[in-house]
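Below is one structure, written out as structure tokens, with a few remarks after it.
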There are 2 protein chains.
Amino acid sequence: MAATGSGTPKRDTYRHGDLRNALIEAGFELARQGGPEAVVLRAATRQAGVAPNAAYRHFADRGALLHAVSQAAMAEVARTMEAEQAALPHVPDAAAAARGRFRAVGTGYLRFAQEEPGLFRTAFHVPGDMTYATDDTAAGPGGKTPFELLGAALDDLVEAGLLPEDRRPGAEFLAWSAVHGLAMLLIDGPLRGLHAAQAHDAGHRLIDMIERGI
Amino acid sequence: MAATGSGTPKRDTYRHGDLRNALIEAGFELARQGGPEAVVLRAATRQAGVAPNAAYRHFADRGALLHAVSQAAMAEVARTMEAEQAALPHVPDAAAAARGRFRAVGTGYLRFAQEEPGLFRTAFHVPGDMTYATDDTAAGPGGKTPFELLGAALDDLVEAGLLPEDRRPGAEFLAWSAVHGLAMLLIDGPLRGLHAAQAHDAGHRLIDMIERGI
DNA sequence: CCACCCTTGTGTACGATGTCCACATTCGGA
DNA sequence: TCCGAATGTGGACATCGTACACAAGGGTGG
């Protein structure tokens, strides 16, 4: 008999070799199209060509697997933010540069939400999982998590004199709140179905609000 | 044999009489402690003292029941907002009054999120359900949904001269984004566990940002 | 007043999921 | 080489959503 229908055909060795990561990867793909609810333990093991229970050798339960996938998704968000910052045109003015990096954090976040709603929801919709927003496992290539990227951008803003120092403490919560809320509106809410350009405009306007009000 | 353990004892009539509403109410309680995932069809029918399949005479599927519960939860949010506005001390200045009503929309929303996280998440976490944010079924005693309450408050702000007219269109999305985002932080995120007073402060600061930036 | 029929609730059943337990296989070190 | 700790397997169970066939009962036309 050949392969067992879906997914990767059965491996030849009894041991898998890297099951933990294989499960996370499989869960990641499930999350991409379907969000957190779609991260089904049995489906992931199926994809890895392994019995359902094998997962319990690497994760305490479904929640633990979902958590790992969530962290991977957050890392992907960080990657997108960094890319957005890296794509910024070089400007000589330090203040303008700091401002650009700050805005890029927001636009990267929003772009990811619209391009990968499933992963986005997995990264941030999981109840209680945002507590781990500073875990290394959620960091991007630069070693920073989305939250830390935002914090760094705000620090730059202060250093550039664009944000009064006494307004800095807790500012990440204000900024994050606004951007995250808009992301939800774009994914599940009344703003769903906006074209990329329109969404970009909405993001622009929202970040304007933040800059003015923070 | 006596009652069947959990929930309301068996009814005496074959017909239930008002099963639809009984199911919504049962689902509402499930949602209160456990959020949307806790709205389990079989649990609701159990509570109503009815066979699982009876639910299908009133709802197409679990999703339809959840939707109804979600709308009920939104109505509860509207009720809280209205109460917050009603509790406002009377001020003679029309502009100050408009400003107070606007802020009350936000604080009511945030208070509800913290006091009833399960219902809050049910009202707004359900993917795609926020499209129905203007359905009558989600309205409070005053006949307005949370979204509509926000819109009215913004209109008042314009009328009072506190918000430039050209900034009005789409402003509800900006304001809602910020407040909703903070609510998520308070429920599931790093700000979870804040005391009511601290949360109130955070809300105060966030609404300041909105007022300045909108 | 009564027989019929449409609505509402029941019973049984199926596939899927998360998870528990006992057992099998394999790898790495003593 | 042998043995124990890791790692996978198999089978079982409770729970869930839901489909299908049937039963009960209330409203309505005759």
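Computation of the quantities below employed the complete heavy-atom set of this structure, encompassing side-chain atoms and omitting hydrogens, waters and symmetry-equivalent molecules.
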### Message
Can you measure Phe59(A) atom CZ to dA6(D) atom P for me and round it to whole angstrom units?
### Response
17 Å
### Task
Return the value, rounded to whole Å, for the distance between atom CD of Glu37(B) and atom C1' of dG17(D).
16 Å
### Query
Between atom CZ in Arg57(A) and atom P in dC27(C), what is the gap in whole Å?
16 Å
### Task
Give the nucleotide from the list dT9(D), dT8(C), dT18(D) with an atom nearest to the side chain of His58(B).
dT8(C)
### is_close_aromatic(Phe173(A), His180(A)), centroid dist under 6.0 Å
no
### Message
We want to know whether His204(A) and Arg103(A) form a side-chain donor-acceptor pair, criterion being a heavy-atom distance below 3.5 angstrom.
### Response
yes
## Note on the structure
Regarding the side chain of Leu41(A), the nearest nucleotide among dT18(D), dT10(C), dT19(C) is dT19(C)
### Task
Can you tell me the distance, in whole Å, between the CG atom of Leu30(A) and the P atom of dT17(C)?
11 Å
### Message
Of the options dA22(C), dG9(C), dG18(C), whose atoms approach the side-chain atoms of Val40(A) most closely?
### Response
dG18(C)
### Message
So, does Tyr56(A) get its side chain near the phosphate of dT19(C), meaning an N or O under 4.0 Å from OP1 or OP2?
### Response
yes
### Task
Give Arg42(A) one of three labels, base, sugar-phosphate or nothing, depending on what nucleic acid heavy atoms sit under 4.0 Å from its own.
base
### Summary
Between Leu110(A) and Val179(A) the two heavy atoms that sit nearest each other are CD2-O, 3.6 Å
### Query
What is the ring orientation for Phe124(A) with Tyr109(A), classed by angle as parallel under 30°, tilted 30 to 60°, or perpendicular over 60°?
tilted
### Task
Give the nucleotide from the list dT25(C), dT18(D), dT9(D) with an atom nearest to the side chain of Arg15(A).
dT25(C)
### Task
Let me know the distance between CG of Asp18(A) and C1' of dT7(D), rounded to the nearest Å.
13 Å
### Message
Distance check needed: dT18(D) P versus Leu65(B) CG, whole Å only.
### Response
10 Å
### Task
Could you tell me whether the phosphate oxygens of dT26(C), OP1 or OP2, come under 4.0 Å of any side-chain nitrogen or oxygen in His16(A)?
no
### Pair His67(A) + Tyr132(A): ring centers closer than 6.0 Å
yes
### Query
Whole Å only: how far is the CG atom of Asn53(A) from the C1' atom of dC20(C)?
8 Å
### Query
Could you give the CG-to-C1' distance, from Leu23(B) to dT8(C), as a whole number of Å?
12 Å
